[in-house]
Enquirer: 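I'd like to ask some things about the structure below.
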Amino acid sequence: MVVCAALVHSYLLLMVAAIWGSAMLERWIGLEKGWAGRRNLLLGAAGVAIAAATCVFLLVDRGGLVPTHSFGQFGMPIDAPWNPAIGGLARFLPAYAQAPDRQMEAFQYLGAGLLLLIAAMPFSLATGRETIATNGSLHRRLCWLIPAGTVLTMLAITHRMDYAGVTLVHIPLSAKMVAALDPIRASARLFWPVAYGLVFAAITAAYRLPPARGQLLLAVALAVQVLDLGGLAHFTRATASGARDPSKWIRTRDPRWAMAISAAHDVTIMPPNAVEQLDLFQEVAWRAVDAGHPIRLVYASRSNEVTKARLKREQQAFDRGDLDPHRLYVLLPQAKLPKVSADRVAMLDGVRVILPRPDGRGKND
């Protein structure tokens, strides 16, 4: 499972590895009493650790990933679970904006209803009784997730601790350490398993109360949650209003887009920047995929040395006017038009493009 997670995503690897580590700790302390069992546990753990480290080494080091040196920029403020951060999304708790130089990675606010359940959990556990729905070992076993939750929370907060938009502590890290932590630069999402565990423990704790009290607590929590997050629901509907538009294409409505992409062997954007006009890039990429033709860049959170060098060579060739006759060039506003025959230049939906030559002759014009 750890190796599989390593092959999917670095964040998933950390989540799974932390939980797996807590499970191994539970077996070491609570289940494996003899040396033979603990020795086998150590050997198994070492094997998994080596395999996961090998995957990471091959993907990160040999994969030539380019560090962004932005670890901590997307970290989670300490108050994120009870701070909506954006005004108007929640009704009951005040929203404090994040620090200006820190980007919001994810909406970590749990909602007043779930916070109420979590606050009531110690009382529910202390005064309630064990039931069939809450087997006596359930919450004791959940305690073994505390080591995993602690590690994930620390990584989510990063070396910079913010509260209500103010930086309280900033621990300096060396350049090598920042580069090593770069695969988890958007680390705030590492808190998600911790939030899931807290909510699961709080809900199941309510079932330990007498039925009338437990039902009342859950009903009140649900009502408070719905009332609190009404603004978030409205915001979500507003941002998703484009889904009501039956048009398949918004930025690339001109029918000549389909003809130009179908006539090309591949498609690129100059300068090779996928995010500057992301909506344009996405539609061009979708059209290219529909036509079965590759697009030569991608919207990725990280790049690698090989891709970076290739895109640089293609940019330099474009600047020299050394154009591929089979390629469709989509130009961003700042792109300087190279020397090219007038019949290859077109304006589609306000976007300059250099069309592929119909005969494909020559490398330039």
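Values below: all heavy atoms of this structure, side chains included; hydrogens, waters and symmetry mates excluded.
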Enquirer: Do the non-hydrogen side-chain atoms of Asp319 and Lys336 ever get within less than 4.5 Å of each other?
Expert: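 Not in contact.
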Enquirer: Please name the pair of heavy atoms, one in Trp257 and one in Val284, separated by the smallest distance, quoted to 0.1 Å.
Expert: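 For Trp257 versus Val284, the nearest heavy atoms are CZ3-CG2, 4.0 Å.
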Enquirer: Provide the full list of ring pair (Phe, Tyr, Trp, His ring centres under 6.0 Å) pairs with a residue in residues 267-313, sequence neighbours left out, each pair given once.
Expert: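 Qualifying pairs: none.
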Enquirer: The test is side-chain contact (heavy atoms from CB on, under 4.5 Å); show your working for Val151 and Thr153 and say whether it passes.
Expert: CA-CA 5 Å; Val151 171; Thr153 301; over 6 Å; no
Enquirer: Using a 4.5 Å cut-off on heavy atoms from C-beta on, say whether the side chain of Asn83 contacts that of Pro77.
Expert: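 They are not in side-chain contact.
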Enquirer: What I want to find out is whether Arg253 reaches Asp349 closely enough, with some N-O distance under 4.0 Å, to be called a salt bridge.
Expert: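 So Arg253 does not pair with Asp349 through a salt bridge.
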Enquirer: For Ser124 and Leu217, what are the C-alpha separation, side-chain angles and deciding distance, and is it a side-chain contact (heavy atoms from CB on, under 4.5 Å)?
Expert: CA-CA 10 Å; Ser124 302; Leu217 175 60; 4.0 Å; yes
Enquirer: If you look only at pairs with a residue in residues 208-249, which of them pass as a ring pair (Phe, Tyr, Trp, His ring centres under 6.0 Å), with sequence neighbours excluded?
Expert: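 Residue pairs passing ring pair (Phe, Tyr, Trp, His ring centres under 6.0 Å), neighbours aside: none found.
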Enquirer: Checking Thr204 side chain against Ala201 main chain: does a donor-acceptor pair fall under 3.5 Å?
Expert: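 It does hold such a pair.
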Enquirer: We want to know whether Arg327 and Thr268 form a side-chain donor-acceptor pair, criterion being a heavy-atom distance below 3.5 angstrom.
Expert: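 Judged by distance alone, the side chains do not pair up.
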Enquirer: Are Val169 and Arg160 packed together at the side-chain level, in the sense that at least one heavy-atom pair is separated by less than 4.5 angstrom?
Expert: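 A side-chain contact is absent here, since even the closest heavy-atom pair is not under 4.5 Å.
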Enquirer: Between Arg256 and Met347 (side chain of the first, backbone of the second, donor and acceptor by atom type, cut-off under 3.5 Å), is there such a pair?
Expert: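 Confirmed, Arg256 side chain pairs with Met347 backbone.
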Enquirer: Can you give the donor-acceptor pairs under 3.5 Å from side chains of residues 220-228 to other protein atoms, not counting sequence neighbours?
Expert:
from   : atom 1 : to     : atom 2 : distance (Å)
Gln225 : OE1    : Gly113 : N      : 2.9
Gln225 : OE1    : Leu114 : N      : 3.0
Gln225 : NE2    : Leu110 : O      : 2.9
Asp228 : OD1    : Arg91  : N      : 2.9
Asp228 : OD1    : Phe92  : N      : 2.9
Asp228 : OD2    : Tyr109 : OH     : 2.5
Asp228 : OD2    : Ala112 : N      : 2.9

Enquirer: Regarding Arg310 and Glu314, does a basic nitrogen lie under 4.0 Å from an acidic carboxylate oxygen?
Expert: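 The answer is yes: the pair qualifies as a salt bridge.
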Enquirer: Please examine the side chains of Leu190 and Tyr11, heavy atoms only from C-beta on, and report whether any two atoms are closer than 4.5 Å.
Expert: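 SC-SC contact between Tyr11 and Leu190 confirmed.
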Enquirer: Using atom types as modelled and distance alone, determine if a side-chain donor or acceptor of Gln108 lies under 3.5 Å from a backbone N or O of Pro81.
Expert: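 Judged by distance alone, no pair lies under 3.5 Å.
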Enquirer: Does Asp182 reach the side chain of Phe71, with side-chain heavy atoms less than 4.5 Å apart?
Expert: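 No - every pair of side-chain heavy atoms lies 4.5 Å or more apart.
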Enquirer: Is there a donor-acceptor contact under 3.5 Å from the side chain of Thr239 to the main chain of Thr236?
Expert: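 Pair found, side chain donor or acceptor close to backbone of Thr236.
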Enquirer: Under a 3.5 Å cutoff, is there a donor and acceptor pairing between the side chains of Glu276 and Gln334?
Expert: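 A donor-acceptor contact under 3.5 Å links the two side chains.
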Enquirer: So does Ala164 get a backbone contact from the side chain of Asp79, meaning a donor-acceptor N/O pair under 3.5 Å?
Expert: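 Yes, because the side chain of Asp79 sits within donor-acceptor range (under 3.5 Å) of the backbone of Ala164.
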Enquirer: Indicate yes or no for a side-chain donor-acceptor contact from Glu283 to the backbone of Ile250 under 3.5 Å, with no hydrogens or angles considered.
Expert: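 Side chain of Glu283 to backbone of Ile250: a pair is present.
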Enquirer: Is the backbone of Met177 close enough, under 3.5 Å, to the side chain of Ser174 for a donor and an acceptor to pair up by distance?
Expert: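 Indeed, once roles are kept as given, a pair shorter than 3.5 Å links the two residues.
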Enquirer: Does Ile354 offer a backbone N or O that forms a donor-acceptor pair with the side chain of Arg344 under 3.5 Å?
Expert: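 Side chain of Arg344 to backbone of Ile354: no pair is present.
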Enquirer: I'd like to know if Asp162 pairs up with Arg102 as an ion pair, taking the criterion as any Lys NZ or Arg NE/NH1/NH2 lying under 4.0 Å from an Asp or Glu carboxylate oxygen.
Expert: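 Looking at Arg102 together with Asp162, the answer is yes, because their closest N to O distance falls below 4.0 Å.
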Enquirer: If you define the side chain from C-beta out and look only at heavy atoms, does anything of Thr167 sit under 4.5 Å from Met161?
Expert: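 Thr167 vs Met161: side chains apart.
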Enquirer: Closer than 3.5 angstrom, by distance alone: can the side chain of Ser22 be matched with the main-chain N or O of Trp144 as a donor-acceptor pair?
Expert: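 Confirmed, Ser22 side chain pairs with Trp144 backbone.
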Enquirer: If you count every heavy atom of other residues, nucleotides or ligands that lies below 6.0 Å from Met259 atom CE, does the total exceed 12?
Expert: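 Correct, the count exceeds 12.
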Enquirer: Where does the angle between the aromatic ring planes of His265 and His326 fall among parallel (under 30°), tilted (30 to 60°) and perpendicular (over 60°)?
Expert: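 Rings of His265 and His326: parallel, under 30°.
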Enquirer: Would you indicate whether the side-chain heavy atoms of His139 and Arg208 approach each other to under 4.5 Å?
Expert: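 Yes; the side chains approach each other to less than 4.5 Å.
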Enquirer: Under the 3.5 angstrom rule, does the side chain of Tyr96 hit a backbone N or O of Pro84 as a donor-acceptor pair?
Expert: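 The answer is no, because no donor-acceptor pair under 3.5 Å joins these two groups.
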Enquirer: Should Val345 and Val340 count as side-chain neighbours, where that means a heavy-atom distance under 4.5 Å?
Expert: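 Contact flag for Val345/Val340 side chains = yes.
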Enquirer: Of the non-hydrogen atoms in Arg296 and Leu311, which two are nearest, and what is the gap between them?
Expert: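 What the structure gives for the nearest pair is O-CD2, 3.5 Å.
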